[in-house]
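Predicted, not measured: the structure shown is a model, and the values here were computed from it.
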Amino acid sequence: MTTTSSSRGRRRAPTRMSRAAGRAAALQKPRVILALLLLLALTSVMLLDGYLRAEVGGDQRVRTGASASKVPEKVLDGGPILTFQGGQATTVSVPDKTIALTFDDGPNPTWTPQVLEILRKYDVPGTFFLVGSMVSRYPGIVRDMVEEGNEVGIHTFTHVDLSYQSDARVDREMEQTQLALAGAAGITTTLFRAPYSSETDAIDNYSWPVYEKLGEDGYTSVFVDTDSDDWKKPGVSKIIKWATPEDGKGASVLFHDAGGERSQTIRALPAYIKKMKAAGYTFTTISGVVQEQNAAARQASGTAGQQAAGTAGAAAGTATAGAPGTAGGQPGTVPGGGSGTGDGGNGGTGGTVDRLQAAHREATGVTLYEGKALIAAVALAEWTVPTLSVGLMIVGVAVMGRFGMMLILARRHYRKRNRRRFSWGPTVTRPVSVIVPAYNEKECIANTLKSLAKSTHPIEIIIVDDGSDDNTSEISREAARALGMTNVRVIRQENAGKPTALNNGVRSASYDIVVMMDGDTVFEPDAVHHLVQPFADPNVGAVAGNAKVGNRDTVIGAWQHIEYVMGFNLDRRMYDLLRCMPTIPGAIGAFRRDAVLEVGGMSEDTLAEDTDITIAMHRAGWQVVYQEHAKAWTEAPGSLKQLWSQRYRWSYGTMQALWKHRKSLTDKGPSGRFGRVGMPLVVLFQIITPVFAPLIDVFTVYSMIFVDFQAALLAWLAVLGVQLGCAAYAFRLDREKYRYLLMMPLQQLAYRQMMYLVLIHSCITALTGGRLRWQKLKRTGEVGTPAGVS
């Protein structure tokens, strides 16, 4: 046993390292919080989108057949407009030869613009009862609607039967719709029509309190006395017939501009308008009806002055200052009146129409800004969720394609490498150097040496103590003496990091093949022999061994065991056949010494020095292969905190390595081959897919709760079944016990979400330019000799 000392590499005092680690930890917390906030934001966007589509909070119940014993008779027998002026319920009927044309369930991007075009063409106003969620999704249509002089009312935010809802839900439905109107068109409204309502005689004991409450809040509830029933799609002629009042009576007529396919409505509406105008009817808005009724009442009592009549004698009039329907005491112009001339003397919008109708109020202050914020949030959700859906669909196809490709290529790799006639070439028997970088490995280093002492291949062992302060060097020497090992050298250097320790070992190696392992890893007796056999092929520059989790009897250990087996036995086989192996694991890997020196050794440019040098070997023209029979046992992180720390370093280091070698995308030859094949696969399967994969679970949970539980559960189980099948095949290839696969469903639900957060954390660190140093995980030494864990 030989002991040497070296101070090669950049000096870094332990105190300085501790301070750097403290600063790094302080910087990591905001990034973790940012990662969690990003996940929360995406979840919130999904919930908002689901709320807009009545998936979240939707209620399809519609009450029928309830008693109306508590509803006043004068309301049940009254007109279609219900007000509570002075706290008293009052109904208003539409005057004879007058039609208030109303539309429900919009806006709709297909049908509402066509309806507006028809109204514009025939100079007819409409009153649109809008669903707040649709307003927030299509604000431009509502803005055009209001600017063209039409009137709008509330049809709730999610189109629910309010008689089933609590007072808080009723308030929320109204307030959210008002905010949507404020954000879309800069107005609020006093008009309301309940979903699933019809004539006033349909008011029952459950809905009446709702109307009373809304009346106290200043709303005018609007019903129907003539229904076109266009939603039934009975044909154009029947729609026109059913929408025509009897015997010249006035009517609040119902059509729909949304809620389904409305082509019959679009065809019926022009014919209906022409028919009614020819019959001497005037078209007005709901506010026009109310104001005409108020004007008539003032005339009868003689308490108010009279306004000039319309040129065609259609009395719609203009509101007096301070009268109902004014905004801030300013007169509002009512469609159907004013100084303009209607079509054929039947009224119309006439003259200049003020965008602020009598039922409208100008939105100002907080209401206006909250409304704009709502519209912006909905626009974000409308863009984000479909984009995510398409992205997840692509990722889902990619994941399934990856599983299929892994199974096919892994099977081909296994059959190729396990054929009786397969050989790398002449058996490699010459000695090799085993380099063990060690930093505070007192719990593990003795077991590592004990396993190497049983090696069936001739080796020299170089332990590079990277400034340990726990007597790792002394424990190594004592273990070597106790085992009678004369082939061990201990090199002690000032703390400089793992890459420097490995480079120190490579420079000190006596042989042309170097095996690298971690200080917490134990080798099976024939591991080195199997690992170096591919070097019989002069084109092979590096070999990846088969690392296994030794402490697999905990939940976290079992999760990592599944991950390791699938990663090594499927991923690495696939990458091997495609000749684009991205990483030689630090736990067990072998290199040609000259090849390592040729590419500049282990670099400190990244945190994933193993990935960095593997890509460098590819770019230098060396072949990198996987040797499944070279097995090593390593101690995986035993806590979530340590696991997070390790995977954070791995994922961030991988990103650094990919960025460092980005020029391989445009290189020619071997370097270009990795750039064209390996780089895209690593980016897709190790960065993009892991980022989006947990969102598949979020979408699944969302669908289970709000859409279709059975369909979503079956889809999730189908994907889990495919993953279990792949894992089972990987376990079969590696002759592992299947019982660990029982942990896989829980792994998908918990472990994958953590890996997502780790990857997002790494992405944020990369984008913010953060730096992270090699982190030492706490070891227990519970992974002993291979025989004890196999």
Inset, instruction - Give, for atom CG of L269 and atom CG of L101, the distance between the pair rounded to the nearest 0.5 Å. - result: 6.0 Å

Legend entry - H256-D230 side chain donor-acceptor pair, cut-off 3.5 Å: yes

Legend entry - Exceeds 12 heavy-atom contacts within 6.0 angstrom, atom CH2 of W231: no

Inset, instruction - Using modelled atom types only, decide if a donor and an acceptor are shared between the side chain of D201 and the backbone of L76 within a distance under 3.5 Å. - result: no

Legend entry - Heavy-atom side-chain contact between T102 and I286 under 4.5 Å: yes

Legend entry - Partners meeting side-chain contact (heavy atoms from CB on, under 4.5 Å) with A251 (sequence neighbours left out): D225, T226, P245, V253

Inset, instruction - Return the minimal non-hydrogen interatomic distance between V289 and S93, and the atom names on each side. - result: CG1-O, 3.7 Å

Legend entry - Pair M145-L130, side chain to side chain contact (heavy atoms under 4.5 Å, CB included): steps then yes or no: CA-CA 11 Å; M145 182 185 295; L130 306 175; 4.1 Å; yes

Legend entry - Where A180 and G132 come nearest, the two heavy atoms and their spacing: CB-O, 3.7 Å

Legend entry - CZ-CG distance between F709 and L714, expressed to the nearest 0.5 angstrom: 9.0 Å

Inset, instruction - Please report the closest heavy-atom contact between L368 and G186, naming both atoms and the distance. - result: CD1-CA, 4.2 Å

Legend entry - Side-chain (Q85) to main-chain (T90) donor-acceptor, under 3.5 angstrom: no

Inset, instruction - Side-chain contact test, heavy atoms from C-beta onward, threshold under 4.5 Å: evaluate it for P270 versus I118 and give yes or no. - result: yes

Inset, instruction - Before accepting this row, confirm whether a basic side-chain N of the pair K213/D167 lies closer than 4.0 Å to the acidic partner's carboxylate O. - result: no

Legend entry - Inter-residue atom distance T367.OG1 - L179.CG, 0.5 Å rounding: 6.5 Å

Inset, instruction - For K275, enumerate each residue passing the side-chain contact (heavy atoms from CB on, under 4.5 Å) test, keeping only those at least two apart in sequence or located in another chain. - result: I240, T244

Legend entry - T189 to Q178 - nearest heavy-atom pair and separation: O-NE2, 2.8 Å

Legend entry - Sub-4.5 Å side-chain heavy-atom contact between L214 and M174: yes

Inset, instruction - Applying side chain to side chain contact (heavy atoms under 4.5 Å, CB included), run through L119 and I273 and close with a yes or a no. - result: CA-CA 9 Å; L119 298 183; I273 293 173; 4.2 Å; yes

Inset, instruction - With sequence neighbours excluded, tell me which residues meet ring pair (Phe, Tyr, Trp, His ring centres under 6.0 Å) with F84. - result: W208

Inset, instruction - Inspect the surroundings of NZ in K97 and state if more than 12 heavy atoms from other residues, nucleotides or ligands are less than 6.0 Å away. - result: yes

Inset, instruction - In plain terms, say whether E117 and R120 are close enough for a salt bridge, that is, a side-chain N and a carboxylate O under 4.0 Å apart. - result: yes

Inset, instruction - Taking the side chain as every heavy atom from C-beta outward, state whether D104 and L254 have any pair of such atoms under 4.5 Å apart. - result: yes

Legend entry - Euclidean distance, L82 CG relative to T200 OG1, rounded to 0.5 Å: 8.5 Å

Legend entry - Side-chain donor-acceptor pair present, E261, S263, cut-off under 3.5 Å: yes

Inset, instruction - May I ask you to test the V152-T127 pair for a side-chain heavy-atom distance under 4.5 Å? - result: no

Inset, instruction - Kindly say whether P195 contributes a backbone atom to a donor-acceptor pair with the side chain of S197 at under 3.5 angstrom? - result: no

Legend entry - Student check: side-chain heavy atoms of I203 and Y211 closer than 4.5 Å: yes

Legend entry - Side chain T91, main chain G79, donor-acceptor under 3.5 Å: yes

Inset, instruction - Provide the full list of ring pair (Phe, Tyr, Trp, His ring centres under 6.0 Å) pairs with a residue in residues 361-387, sequence neighbours left out, each pair given once. - result: none

Legend entry - Close side-chain approach of V290 and I81, heavy atoms under 4.5 Å: yes

Inset, instruction - Could you pull out the closest heavy-atom pair between V94 and S252, with the gap in Å? - result: CG2-N, 3.7 Å

Inset, instruction - Apply side-chain contact (heavy atoms from CB on, under 4.5 Å) to W242 and list each qualifying residue two or more places apart in sequence or on a separate chain. - result: D229, P234, K238

Inset, instruction - Could you tell me the separation between the CD1 atom of I154 and the OG1 atom of T188, rounded to the nearest 0.5 Å? - result: 8.0 Å

Inset, instruction - Quick one: closest heavy-atom pair of I141 and P107, and the distance? - result: CG2-CB, 3.9 Å

Legend entry - Ring centroid separation Y196 to H159 under 6.0 Å: yes

Inset, instruction - Start with the C-alpha distance between F255 and F128, add both sets of side-chain angles, then the distance that settles ring pair (Phe, Tyr, Trp, His ring centres under 6.0 Å), and finish with yes or no. - result: CA-CA 10 Å; F255 285 87; F128 292 80; over 10 Å; no

Legend entry - Modelled atom types, side-chain donor and acceptor of R169 and T158, under 3.5 Å: yes

Legend entry - N/O donor-acceptor pair under 3.5 Å between D217 side chain and Y219 backbone: no

Inset, instruction - Would you confirm whether E151, through its side chain, and S287, through its main-chain N or O, come within 3.5 Å as a donor-acceptor pair? - result: yes

Inset, instruction - With R63 as the cation and Y164 as the aromatic partner, state whether NZ or CZ is under 6.0 Å from the six-membered ring centre and within 45° of the axis. - result: yes

Inset, instruction - Without swapping roles, check the side chain of E173 against the backbone of F157 for a donor-acceptor pair under 3.5 Å. - result: yes

Inset, instruction - Output yes when a side-chain donor or acceptor of H155 lies under 3.5 Å from a complementary backbone atom of R193, and no otherwise. - result: yes

Inset, instruction - Starting from the C-alpha separation in whole Å, work towards a yes-or-no answer on side-chain hydrogen bond (donor to acceptor under 3.5 Å, both in side chains) for N205 and S69. - result: CA-CA 7 Å; N205 293 342; S69 60; 3.0 Å; yes

Legend entry - Distance in Å, L720 CG paired with Q747 CD, rounded so as to fall on 0.5 Å steps: 10.0 Å

Legend entry - is_close_aromatic(Y272, Y281), centroid dist under 6.0 Å: no

Inset, instruction - List for me each residue that meets salt bridge (Lys or Arg N to Asp or Glu O under 4.0 Å) alongside D105, sequence neighbours excluded, and say none if there are none. - result: none

Inset, instruction - Examine distances only and state if a side-chain atom of E362 and a backbone atom of I187 form a donor-acceptor pair shorter than 3.5 Å. - result: no

Inset, instruction - Examine the side chains of T190 and R361 and answer whether a donor and an acceptor come within less than 3.5 Å of each other. - result: no

Inset, instruction - Applying salt bridge (charged side-chain N to carboxylate O under 4.0 Å, His left out), run through R262 and D257 and close with a yes or a no. - result: CA-CA 7 Å; R262 295 289 174 251; D257 64 318; over 6 Å; no

Inset, instruction - Would you indicate whether the side-chain heavy atoms of F192 and L162 approach each other to under 4.5 Å? - result: yes

Inset, instruction - Measure from the side-chain N and O atoms of S207 to the backbone N and O of S163, and report whether any donor-acceptor pair falls under 3.5 Å. - result: no

